[in-house]
Each structure stands twice: as structure tokens, then as C-alpha cells.
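Report on one structure; see the data block that follows.
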Amino acid sequence: MSMEQGWKAPNLHNAAFLRSAVRESDFPADGLPQIVFAGKSNVGKSSVINKLLGRKNFARVSAQPGKTIHINFFTIDRRLYLVDLPGYGYARVSKAEQQRWGALMETFFARGLLTLGIQIVDIRHKPTRDDETMAEWFRASGRPWVVVANKLDKIKKSQLEGNLAVIRQTLLLPETVPVVPFSAEKGIGRDEVLELIYAQMRKDEVG
């Protein structure tokens with residue numbers, strides 16, 4: 001317990017881009033926690049990452065979505081990696097591109113480097129087949145994961161409960177997986193997601 005009390009959260013402002021990985025040898029494997037973000041191409045993944053870090057344009061948004069398949073690694077306070085998986089669900093992506101995406105995911109998840117998964121979905125819509133596939137990757141990893149339901153500011157309060165229930169049912173989420181309503185616009189849900197990240201880091205460091 002004293003270890004938890006003495007635990008200090010990382011300095012989120014001390015964040016830097018490390019590298020874009022296209023193959024296994026590019027993945028950092030130094031034992032630092034890896035917080036892994038995944039989401040559809042238009043779900044606001046970069047905005048969520050920027051909001052969590054309190055930065056405006058930190059996570060780079062590709063001008064040509066779907067053209068480059070790589071995993072972006074960022075270091076945070078030299079204590080953890082923020083891992084940005086390539087977006088998925090592009091309408092006009094060739095079979096070859098889809099296969100490259102799948103092969104890179106398989107390689108990454110097979111390494112077992114994941115500390116906590118953060119899957120971002122759109123709170124306004126039922127999760128897509130691609131979202132379901134991503135949830136299967138996280139479930140199969142055996143590691144904890146969190147679903148962030150972004151674009152909360154775009155729905156009415158009366159829709160919240162029902163939309164969250166649809167997300168939970170569609171992605172077949174175990175009870176242990178929290179679904180956090182989030183607004184990258186307004187910062188709602190930010191503290192809750194950060195606390196889930198820190199709780200997992202504390203658990204791993206203490207355990």
C-alpha cells in the first residue's frame with residue numbers, strides 16, 4: 001500500500017514521438033508499459049490522444065488515411081509508451097492493404113507487449129464489423145482493455161444509456177471492460193481514462 005501512496009503519475013507534458021514501426025524489429029521491448037490505442041479512421045483517435053496529453057496537435061493526423069500502415073510509438077516521461085495503432089475501416093482500401101494491416105496487428109499482438117488497450121468507438125453509432133474485429137484482438141490478448149465512447153457531445157443525454165448498452169452488447173464486452181463516455185471536444189471522460197491507465201501501471205509496477 002505504501003508503494004501505491006508513493007506512486008507518482010508520469011508528466012504528460014514530457015512526451016515525444018519515438019518512431020513509426022512497420023516490422024517487429026521496430027517495436028520497443030524494454031519492459032516499459034505500453035498503452036495501446038485503436039480505432040476507426042474517422043473516430044477521432046488523434047483528438048482523444050491529444051486531449052489526454054493536454055496537447056493540441058501532438059498525435060499526427062495523416063493527410064491520406066489508409067495509405068501508410070504503421071504503428072506510431074510515443075514516449076511519455078520515459079516511463080511508458082503510448083502506442084497508436086493504424087486506423088481501420090477505410091472504405092476504399094485494397095485487399096492487399098487489409099492483409100498488411102492484419103499481418104502487422106498479428107505481429108504486434110503476438111509479442112505480448114500490451115499493458116492496457118484503449119479501443120475508441122463512436123458513441124453515436126452501433127460499432128462496425130471492424131470494431132468487432134478489433135475487440136476480438138484485445139480480448140484474445142488476455143490483457144485488460146477499456147472502450148472509450150467518443151463524441152459524447154454529439155448525442156442527447158437521453159440517448160446515453162441506450163447507446164452504451166448497444167456498444168457493450170455488439171462488442172461482447174466482458175463485465176471487466178469499462179465503457180467510458182468521452183468528448184475529445186470538451187474533455188469529458190479524460191480524468192477517468194487517465195486514472196484507468198495509471199491504475200494499470202501501478203498494478204503492474206507493484207505486482
Side-chain angles (χ1 to χ4, degrees), residues 9-10 12 15 33-59 61-62 65-66 72 74 76 80 82-91 105 114-203:
L12 299 176
Q34 298 199 14
I35 311 301
V36 177
F37 288 77
K40 269 194 329 195
S41 52
N42 58 354
V43 79
K45 178 159 54 84
S46 294
S47 304
V48 170
I49 292 170
N50 288 333
K51 183 55 74 176
L52 289 173
L53 294 178
R55 305 279 281 270
K56 276 225 163 81
N57 298 306
F58 185 72
V61 183
S62 169
N72 287 329
F74 304 89
I76 312 294
L80 70 147
L82 191 155
V83 184
D84 184 8
L85 296 183
Y88 54 82
Y90 304 110
M105 291 303 95
L114 176 76
T115 300
L116 177 71
I118 297 182
Q119 181 176 6
I120 302 160
V121 298
D122 190 328
I123 200 167
R124 299 171 298 177
H125 308 299
K126 181 181 176 182
T128 63
R129 275 303 325 222
D130 292 314
D131 289 323
E132 291 177 54
T133 300
M134 197 67 240
E136 282 164 22
W137 283 107
F138 281 126
R139 193 181 300 109
S141 76
R143 295 297 296 163
W145 102 92
V146 176
V147 173
V148 167
N150 192 28
K151 310 201 180 182
L152 175 64
D153 48 291
K154 303 278 198 293
I155 64 165
K156 296 178 183 145
K157 275 195 175 146
S158 58
Q159 297 174 285
L160 179 61
E161 297 263 320
N163 289 23
L164 292 179
V166 167
I167 289 167
R168 190 167 274 291
Q169 286 159 11
T170 307
L171 297 181
L172 306 173
L173 297 179
E175 280 304 306
T176 51
V177 176
V179 181
V180 181
F182 196 94
S183 168
E185 279 289 305
K186 302 187 173 172
I188 302 164
R190 177 181 186 264
D191 290 347
E192 195 178 336
V193 174
L194 285 176
E195 189 39 56
L196 288 163
I197 292 170
Y198 297 158
Q200 192 57 46
M201 284 178 68
R202 281 198 299 267
K203 207 173 178 182

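Source: prediction; values computed, not measured. Numbering starts at 1 and runs along the sequence shown.
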message: Does Lys126 form a salt bridge (charged side-chain N to carboxylate O under 4.0 Å, His left out) with Glu132? I'd like the steps, not just the answer.
response: CA-CA 10 Å; Lys126 181 181 176 182; Glu132 291 177 54; 6.0 Å; no

Check: So, the side chain of Asn163 versus the backbone of Ile123: is there a donor-acceptor pair under 3.5 Å, distance only?
Finding: yes

So CD of Gln200 and CG of Leu80: to nearest 0.5 Å the spacing works out to 12.0 Å

Nearest heavy-atom approach of Ala15 to Arg55 is CB-NH1, 3.7 Å

Short side-chain to backbone donor-acceptor contact, Arg139 and Pro174, under 3.5 Å: no

Looking only at heavy atoms, the pair that brings Leu116 and Leu196 closest together is CD2-O, 4.0 Å

In this structure, CG of Leu164 is separated from CD of Gln159 (nearest 0.5 Å) by 11.0 Å

Heavy atoms of Lys154 and Glu185 approach each other most closely as NZ-CG, 4.4 Å

Can you tell if the side chain of Ile118 reaches within under 4.5 Å of the side chain of Ile197, non-hydrogen atoms only?
yes

Looking only at heavy atoms, the pair that brings Lys45 and Gly87 closest together is NZ-N, 4.1 Å

Smallest heavy-atom separation, Val177 atom then Arg168 atom, equals O-NH2, 2.7 Å

So salt bridge (charged side-chain N to carboxylate O under 4.0 Å, His left out) across residues 155-164, not counting sequence neighbours, yields none

Worksheet item: Is there a donor-acceptor pair under 3.5 Å between the side chain of Gln119 and the backbone N or O of Asp131?
Response: yes

Sequence neighbours excluded, the answer for ring-ring contact (aromatic ring centres under 6.0 Å, His included) partners of Phe37 is none

One should read off an interatomic distance between Met105 CE and Glu136 CD, to the nearest 0.5 angstrom, of 14.5 Å

Rounded to the nearest 0.5 angstrom, the CG-NZ distance for Asp130 and Lys40 is 8.0 Å

- Show your reasoning for whether side chain to side chain contact (heavy atoms under 4.5 Å, CB included) applies to Leu53 and Leu82. CA-CA 10 Å; Leu53 294 178; Leu82 191 155; 4.2 Å; yes

dist Phe138:CZ -> Thr133:OG1 (nearest 0.5 Å) comes out at 12.5 Å

Residue set satisfying side chain to side chain contact (heavy atoms under 4.5 Å, CB included) with Ile188, at least two apart, ordered chain then number -> Leu152, Ser183, Lys186

Requested in this report: Tell me, with the steps shown, if Leu173 and Trp145 meet side chain to side chain contact (heavy atoms under 4.5 Å, CB included).
Outcome: CA-CA 10 Å; Leu173 297 179; Trp145 102 92; 3.4 Å; yes

Report yes or no: does Asn150 contribute a side-chain atom to a donor-acceptor pair with the main-chain N or O of Ala184 at less than 3.5 Å? yes

Minimal heavy-atom distance between Val121 and Val43, with the atoms involved, is C-CG2, 3.4 Å

* **Under 3.5 Å: donor-acceptor pair, side chain of Arg143, backbone of Thr115** => yes

Rounded to the nearest 0.5 Å, the CD1 atom of Ile35 sits from the CG atom of Leu114 at a distance of 8.0 Å

Notebook entry, point to check: So do Lys56 and Asn50 actually touch side chain to side chain, heavy atoms under 4.5 Å?
Noted result: no

Mind checking whether Phe74 and Phe58 have parallel, tilted or perpendicular rings, split at 30° and 60°? tilted

